[in-house]
Amino acid sequence: MSGEAGSGASSAPDTCPAWLERLPKVELHLHIEGAIPHAALWELIRKYGGDPEVPCLEALSGRFVYRDFPDFIDRW
């Protein structure tokens, strides 16, 4: 009984196709600034003291418009 379960679990890495091991991998993740609706983020900004650079929801939405990737990096 333990031989069946043990051999199945221990041989799993050996049965992985070679092409799968060579396949490039990526890390996918989200930052809250890009995943949260602007209205919800605006409410959190207001709740926790605000930001003088973001006086209204429209100004907040404008912070998420970028010319290019370097512009994105410079803002955050």
Side-chain angles (χ1 to χ4, degrees):
M1 181 170 153
S2 63
E4 271 182 43
S7 64
S10 64
S11 65
D14 297 334
T15 61
C16 186
W19 65 266
L20 183 58
E21 291 179 7
R22 292 189 312 270
L23 191 66
K25 312 297 188 291
V26 298
E27 177 185 351
L28 299 176
H29 65 278
L30 295 173
H31 292 257
I32 192 168
E33 297 90 349
I36 191 171
H38 293 168
L41 182 57
W42 172 244
E43 290 302 318
L44 290 172
I45 290 170
R46 289 182 49 206
K47 180 178 179 178
Y48 293 103
D51 181 344
E53 295 182 22
V54 184
C56 62
L57 179 58
E58 291 76 25
L60 175 65
S61 294
R63 302 243 352 208
F64 291 91
V65 177
Y66 310 102
R67 290 185 309 272
D68 51 25
F69 188 68
D71 183 36
F72 170 79
I73 295 297
D74 288 343
R75 291 198 201 189
W76 299 101

Look up atom OH in Tyr66 and atom CG in Asp74, then write down how far apart they are to the nearest 0.5 Å. 11.5 Å

Assign the ring pair Phe64 / His38 to parallel, tilted or perpendicular, where the plane angle (0 to 90°) is split at 30° and 60°. parallel

Are Val65 and Phe72 connected into the same hydrophobic cluster when the rule is that any two of I, L, V, M, F, W, Y join if their side-chain heavy atoms are below 4.5 Å apart? no

Quick check: is Tyr48 connected to Ile36 through a chain of hydrophobic side chains (ILVMFWY, heavy atoms under 4.5 Å apart)? yes

Could you tell me which non-hydrogen atom of Val54 sits nearest to which non-hydrogen atom of Trp42, and how far apart they are? O-CZ3, 3.2 Å

For side chain to side chain contact (heavy atoms under 4.5 Å, CB included), just list the numbers for Arg63 and Leu41, CA-CA rounded to whole Å, side-chain angles, deciding distance to a tenth of an Å, and then say yes or no. CA-CA 12 Å; Arg63 302 243 352 208; Leu41 182 57; over 6 Å; no

